[in-house]
Every structure is written in C-alpha cells, then in structure tokens.
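Order of the sequence lines fixes the chain letters, A, B, ..., with proteins taken first and strands second; residue numbering starts at 1 for each chain.
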Amino acid sequence: MEIPKAYDPSQAEEHHYARWEASGFFAPEINQDPNAEAFSIVIPPPNVTGTLHMGHALQHTLMDVLTRWKRMLGYRTLFLVGVDHAGISTQLMVTRQLKKDEHKTPRDIGREAFTAKVWEWKNKYGGEITRQIRREGLSVDWTRERFTMEDDLSRAVREVFVRLYEEGWIYRGTRIVNWCPKDKTVLSDLEVKEEKAKEGKLYYLRYPVKDGEKGREGEGEKGSGREDENPQSVIRDPQLTITVATTRPETMLGDTAVAVNPEDERYKTLIGKTIALPLTGREIPIIADEYVESEFGTGAVKITPAHDSNDWEIGERHGLEKLIVMNDDATMNAAAGEAFAGLDRFAAREKVVEEFEKLGLLEKVEDYELTLPHCERCKTIIEPLLSEQWFVKMDEMRDLALKLMREENSPRFFPEVPHKKVYTTWLENLRDWTISRQLWWGHQIPAWYDADGSVYVARTKEEAVELAGTNDLTQDEDVLDTWFSSALWPFSTLGWTWRPVGSRQAAEGSSSPQSANRQPPTDLETFYPTDVLVTGRDIIFLWVSRMVMTGMKFMGERPFDDVIIHGTVLDKNGQRMSKTKNNGIDPLVVFEKYGVDATRMTLAGSATGVDFAWRDERVDSFRNFANKIWNATRFCLMNSEGAAVLSVPVATGSPVKTETTRGNPVATASGSDLADRWIVSRLNKTAKAVNRALETYQFHEAVQLLYHFFWDDFCDWYIELVKDDITSCDTETEGHGDAELGIPQSAIRNPQSDARSRILTILEQALRLLHPFMPFLTEELWLKLPGISNGLHNAAYSSAEKTIMLTTFPTGDASLIDEQAESEMQSVIELITKVRNIRAEMNIKASDSLSIHIAADAKMQNVFAANDAQIKKLARADKIVLADSLDVPKASARAVLTGNAEIAVPLEGLIDFEKERSRLKGQIEKLDIELQRLNGQLSNASFVEKAPAEKVKELRDRKNEIETQISTLKENLNALG
RNA sequence: GCCGACUUAGCUCAGUGGUAGAGCACUCGCUUCACACGCGAUAGGUCACAAGUUCGAAUCUUGUAGUCGGCACCA
C-alpha cells in the first residue's frame, strides 16, 4: 500500500463528512438499540448573519467531542443544530445592503417588502455558517436543523407569549427604558454596556427660587456648621437660588421638580416652595425625598422623570408630571421649547450651558469621571427614555430558577466557581425584561388593537378577532427580543406544541422498520431535558438563565443538567479578539494551515473555562501529533501482510490475553510478551482515565492522556520494542520465539502475523480513543486498516456501513491493567535510558556497539533476560551480561537503577575519566539534594509521629534506596581514582 | 463601590496538602530502513510578595501588589 510520508489534512477532510452525513450516522435513528439511553445537546444557535470565529470553534469542538464519545458508547445521540434570526444585527445588515444597492431605507419599501428582503438575504447568505459547521466536522443532525424564525418555532413563541400574558407574567407598560437613538429601538439591560466617558463634566446650575428673597429665614443659622466647608450660593445671591449638579444639562428642559433630602438642614425651609425654571418659563416644586444624598454634589437634585430612571421613580412617588423633551433620535422636541427643538441632545447641552452662563446661573463646571451606557451593537450612547413597551415580569420566573438552584443545585456549572454564584446573584437582583423591539425582523408581537386601543393578545389574528368581536384590528408593530425565542430553544426545537405526541414524522432519517402498532416516543420525550449545554460566559444571563426559566415554566423540567462555560480565546497578546482591533484569528485559515483535527485538539486541550491566548505554535504541535499518528499507522500498514485488526471480544477493548479462543493469535502471544502486556495495560489505563476525564468535562486532561499514550507509550516504546518482530522479512525464518518456546509450527499462524495483528489491534483501539477529538484523521486511517468491518461497531450500530465513528469507545478493562508488567517495563525503560545517557554524555557514536553489564537480583535478571533482544536493539548493545555483582574493568561508565541494580558499560579506550567523574558527581549531587530533604523530614519527630504511617514508610524506603544508590555511585567514583 | 478570577521553566499553560509537569523555544548528538511535522540525551523554577494554619503549603486562611473580568451606582 502506497501511503504518503506526510499527513495531508485537506485530503482527508474532503470526503468523509459528506459520507457520514449522507449515511445518516449523525441522526439518532442510526441507533438500533431500542433500549439505548438518550444523549442530547443543542447547539447555541449562531447568528444567521454570523461567520465562524474561534469562540464557536472552541464551543463546537467540545460539544462534538462529547457527542461522538457518547455515540460510540452506544447512546441514542442527538446533537441538534440550528441558527438564530438575530433580530437587530440581521436587520442592520440588510438595511445597509438596501442602502448600498437601491439607496433606499426600510421605511421606503415598507415592512412587508423589507422582511421579504431579509428572507431573501437569509436564503442566499445564511448558509455560510452551516457550511462552516460542516467544515468543523460537527456530528450534528442536519435532518433536524432549525431556524428560530421558521413557522414551527414561531408558533412556539406565540404560544409562550400568550400563556405568559394570560397569567399576567407579560404586561405592557410605560417605563424608562434603554433607548438607542441610532437603531431607534429599545434594548434590554443586558444589551447595554457601560463604558467610561472620555470627558465627563459635572455642571452646577442655579435655579432661582420663586419669591426667594423672602423664603430664606432661618436657613443660615441652621446650616452654619457647613457653610465654611461648602459655602452655599443660596446665601450670597441677591436672588435666592438653589444649585443642582448635573452631567446632562439638556435634560433640565424636562425638569419637573428639584428634590432634596428631607433631613437636610440647608434646604428644609425650601421644601414646598417652587422654582422658576430658567429657559422654560415653567414653575416646578422643591420636594423632599430620601433618595437624595445630602453629601453628594449640592445635595439638591434636578428631577427629570421622563429621562432618568431614578427620577422617574421619584416622579411616581410624588405624582410629578413626566415631560418628554426628546424625539426618538435624541433630538429635542417641541416640549423643550422653540429655541431647542430639533437640536441634537449634545448641541442642546452646549446651548443650555451657554444660556445659563448668560443668565449668570452657571455656577461652575467640574471634570467628572463617569460611565455611560452604550448600545452594545452600534456603540451609541443610550438615552433613557419614557416609553410604552412590553415586559416580562421576572418575579415568578426568577423564583423558578432560584428554586431549582437552591433545591437541586441545577444546573451544575462547570467550572462551578465562579459561575454558580454569579448566576444566582444576578437572578436575585433581576429586574423586568423589556421584550419589545422597534424592528421589523423578528417575531411580531401577537397583540392586536381595536379602534379604541384595547389590546387583544392571541395566537393568531383569527383568535384575536374572536376575542375582540371585530375585524378592525391592527397588530402591534413591534417584534420580540431575539432572546425571547432563544429562551425556548431546548424544547421549541424538539417539537414543543407543534409536533403532536406520538406522531414522529417518517421523513426524518430512519429507514428502520418500526413496528406499525407501537408509537415511538417523540423527540421531545426522548431528548428533553438535554444533557449538557456548552456556552460562553457572556450569555449566562442572556440565554442560560432564560432557558432555565422557560424550561421550568413550560416543560416543568430543567432544560439541561450541566452547563459547561468555556473560556475566551484571546489573541497572542492576551487581548480579546474584536473587529475594531482587527486581531481576530479566523478558524478557517487555521483549518487550512494545520488541519481541522489539529485545531480541535488545540481547542480541546485548553483547560475548561479558562481563557487562553491563541498561539499558532500550539497548533503546530498537534499538527505534528497528527502526522505522528499518520506515520505510526503508515508503519503498521507497511508491515501488515498476513495480519488483521482483531475483533476484540470484550467491548471495552482488550485485544490481548483474553483467554477466549485457543487459536486467538493474541492469546498465544510469545516473543514480545512483556511489551504486549505492558501496552495493553497502558491502553486500558489510558482509556479509563480518558473516560473519567470526559465525564467531568476535563477535555484537556483527556487530550494530554491521549497525546502521551500515543506518542510516548505507543510510538516511542511499543513500536520500537516490537519493531523487529513485525518487520523481519516474511521469507526469513522468524526471529527468536516460537521454536525455542516449543510452540508447534502447525499452529496455523506464524508469530510475525500475530505480532502484526497485535500492533494493529492496539493501534485501532487508540484511533477509537482519538476519534472524538480528531474525527477526520482517525476515519481516514481506520478505513485503511486490514480486517476492519462493521463487526467492530458498537452493537447498536451493527448494520451501519463501516466507520470508526460507530465503533465502541474503549472504556478500559481493569482486569487488563497489569501493574507488574508496568513496573517491569519501567525497569527496562530505565535501563535503556541510562545506557543511552552514558552513550550521549560520553560521546559514543551511534555506530559503536557496546556491552552492558548488569548486577541485579534474580527477579530483575529474569526481566532483563526475557527482553534481551529489545534492550540490545534500543540501547544499541551487542552484549548483555547479567550477574549478581559487577565484574568489569576500571574503564567503565556506570549507573544505578531503581531496585538496587547497577549497570556498567566497559569503554576501553573510549572513556574520558574526567567526564565520567563529573557525570557521576552530577548524579550523586542530584540524589544528595533529595536525600537531605528526606533526612530533614524523617528527623522531624512530629512528622514521624503525626504523618500517616504509610507516608513515613514511603519516605524511609525512598531514603534507603537513595542511600544505596549514592554509596554505589561514590564507590564507582573512588574506583576511578 | 461590590463580587470574582488570575499571578508556576524564556513563552503559552496544566497541576492543587506529601519528591514541581507538558508543549514550544534553548543546548548537545543523530541522513537508526514510520515519521526531521523526526529520533536520542540534557539544561532550565526560593510555584507574585508577606504573615498564618499544619508534622508538612505551589496547593488551605488572611493581607499586600499587579493583571483581567462581572455587577451596581453615577445629581
């Protein structure tokens, strides 16, 4: 078989995905086991306008690893995919396009034409993200792909809206909301980001008190204590004024009161008086409210109920007028007065300040650090505005989520710290959710108004007509917040309300002949609740919390058990990636350069929940790893004649020594006995550890385990140890082994094919373990292995076309973990490493052979004797002398091994005594440092007394070991003279 | 203002009461018939700082400094 020397990812990534998808491997129906447990994940639906970024790639990789792993374990697996209509961003994108192509605004063409345009756009460009998801290799079920704006999901949205309205959990009301003057829509609190203002100012404005000259008796005496530190302008002015401090002078045009703290002695006498509000000709009262902090500013606050949420609350308490002085584009309106109408809010601010200055009422302007709310999307400064909107009342919703957390610790966050606390705290302080948006792209609010303005909330217009008793209805113009539909995602996608129970449609995937009589369970029954949600921390509030609430409310059950919060991928300088900084790393470019599998390994290899700086070098090492796997397989395939992957009787993966059939080549293994037992033990240990790691979502742990098992154990040691057994020419007499051990030649197979089958079988198991992380490479290689078939599949998939993705995932068999083999192998490895060290330090050429003298106890001698050939090969020695004690010339390099064994390599004529001395000294020094620490600990009476006896014994044993080694090395050193 | 996370080898990061780990980079050697995207052998760290708990702390507690994040307030 001709196989290229280097792995070319693009070649493997080209064709497997299409076959997997076409063969229905991704659909749960591929699972033929009626008793299979379900496993489900829903994808956080990416925006239809979106393109793949590293955050997606990370999140998607983790979900796919879990899905592929569970599928291989035999679960009925659904990884549900879909996209989100992304109200604002999609509308903006299409608006931009419209302007560019036709120089028109949405208003020019009207609502209907505009939404048609968006659908057109969606159909044309919306597929980009789904193509990219395929490129990533995600094993999602495309037959169940969903879109938040499709009919079925829209129906679920209306259903939820109506039910919540009927229960009074959704209401329409007039509140101060976050208004984006550019996008001209209201936003929820979560779509507003606070940012430091570049140059904040605090303006001190004097408001004349009406009849002020007469209204100040007593004020001076009582406030005298404070006057020195904070001289009040009210005292000195001929006309009595009260000074208010504000960062937004333009809003004074909408002031309807000035408030002071009721306990503030300075102002007590002014309470109840009125102010002649400059520039407006209006008179407003001075009121007392606890909200005002006397210490802050001047202790007097201008109140603008229509343009500030705190002021609004004060306004409510005192029955103040709520005067709106701005338009929806943040220009001043007629109510602001003729001089200001039409001015932008910032121009109006300047003008107000100018006018105050002219009137001598501007006391001072101070620099002031403040943060301002910005529109998350367009960065425009948000205007708090009084507006009538739809809200979801959060009291009961919040309690559903809090109760679930308190009573069942659900959902479980991974990592739990800090997310559990952040989530809970947020819930506890939750305010009502503004759900209406002044957009056209989205779910139009299912509320209709009659001529009188009475509202009828209904699932359909027909229903509304029935309620209203008239046909003359207009539907609410607004649409719902995109997150409203996202909140229903885990159950709306599975058929909630739109797919009747027991009528699972036949169109989807399965061709399996189900019994005609039995009603199969619906998707909703099978897959809800989902098992785990994987997402970023930025949408814990926006999305996770709301899914929990709606899930509890409408399904009566949590939407998922676990929530994995992954970290953020930062650029190489540790900065967040952003469009404005243009420091994003395009996953598709990385795929192109290193391959999808290497990228997936890199992403999965970062610790769960921890941010990490992206480094191409990291992918490099996994690209190299992929190449290593490729070449290890290439090597096995080059030496695979007469061999085949063995179908392992134990599902958990135990290719060797299973005592099944007598003819089983694995069971009759000879020759490389220790190496075989060792690699099987390592394989099973690794499999166990990988499963354990995945169960707790320690993806990076699994990646490390697999990397080291494959590279270190399998490639560096196992392949090298058995190389001679599998590469010797077929025609030659087979090497050491069977003849000596008396295995009859008649035993059908020859030892070489057996060895070849063994390594192929180990390799095949390793590929299975790697598959969830590296799907393309492992499939590409697996299909090339001799002897593979769908007979290796998990029983649930036995009739499916052969693929590694349906084989059984090795879980590790404890009975095949062989500690003795591992420790014996450790001795062999130590021996070889020490000899190699001598060779390297003494500059012995690779081509120069040497002999190794070993003094060891009988047990270890046996181990070395049994692996004589491998030791010779890997240490490049031509002779091994085993004895109870060393008898070698002075001109030898020496070393000690664990277990009181010693080795010496005679180097007649090659030895550099000075070098050997320093080499030995170096080793002694290292051991001595450890010995001193051990002595320190063991001479500490309280340690010996209080530490567990086991621990003390461990240290004593280690101390003895080191002492022996040191004394041996010292003897050797002295012997050198 | 409140809450939280992080600070470990040159770099990027694991580890989390009992002898400090990986990958990359560095040093030395190797055209060893799977792989130079390789093989072999080294070197490199008072685990931010200080105090405490403990027989024992990188790991637990408290404090300090630096970095980053979330939330709230902002007249």
Interatomic distance where CD1 belongs to A/I762 and P belongs to B/A34 [whole Å]: 20 Å
Provide, to the nearest angstrom, the distance between the CZ atom belonging to A/R933 and the C1' atom belonging to B/U19. 5 Å
Which parts of nucleotides 3-15 of chain B does protein reach within less than 4.0 Å, heavy atoms only, written one letter per nucleotide 5' to 3' as B for base, S for sugar-phosphate only and - for none? SSS-----SSSSS
If you look at every strand shown and take non-hydrogen atoms under 4.0 Å, does A/R248 touch a base, only sugar-phosphate, or nothing? nothing
Among A/D308, A/D311, A/D255, side chain to side chain donor-acceptor pair (under 3.5 Å) partner for A/K302: A/D255
Report yes if a donor N or O on one partner sits less than 3.5 Å from an acceptor N or O on the other, where the partners are the side chain of A/K628 and the base of B/C35; otherwise report no. yes
Would the base of B/C24 count as contacting A/S621 through its side chain, where contact means a donor and an acceptor less than 3.5 Å apart? no
Heavy-atom distance under 4.5 Å between the side chains of A/L850 and A/I838, does that happen here? no
B/C68 base / A/Q575 side chain donor-acceptor hit below 3.5 Å: no
Given A/H708 and A/Q704, is the side-chain contact (heavy atoms from CB on, under 4.5 Å) satisfied, shown in steps? CA-CA 6 Å; A/H708 289 114; A/Q704 289 305 311; 3.4 Å; yes
Could you summarise the pairing of RNA chain B as dot-bracket text, marking Watson-Crick and G-U pairs under 3.5 Å with ( ) or [ ] inside the strand and | across strands? (((((((..((((....[..))))..((((.......))))......(((((..]....))))))))))))....
Taking A/E916 first and then A/R919, would you say they form a salt bridge - that is, a charged N and a carboxylate O separated by under 4.0 Å? yes
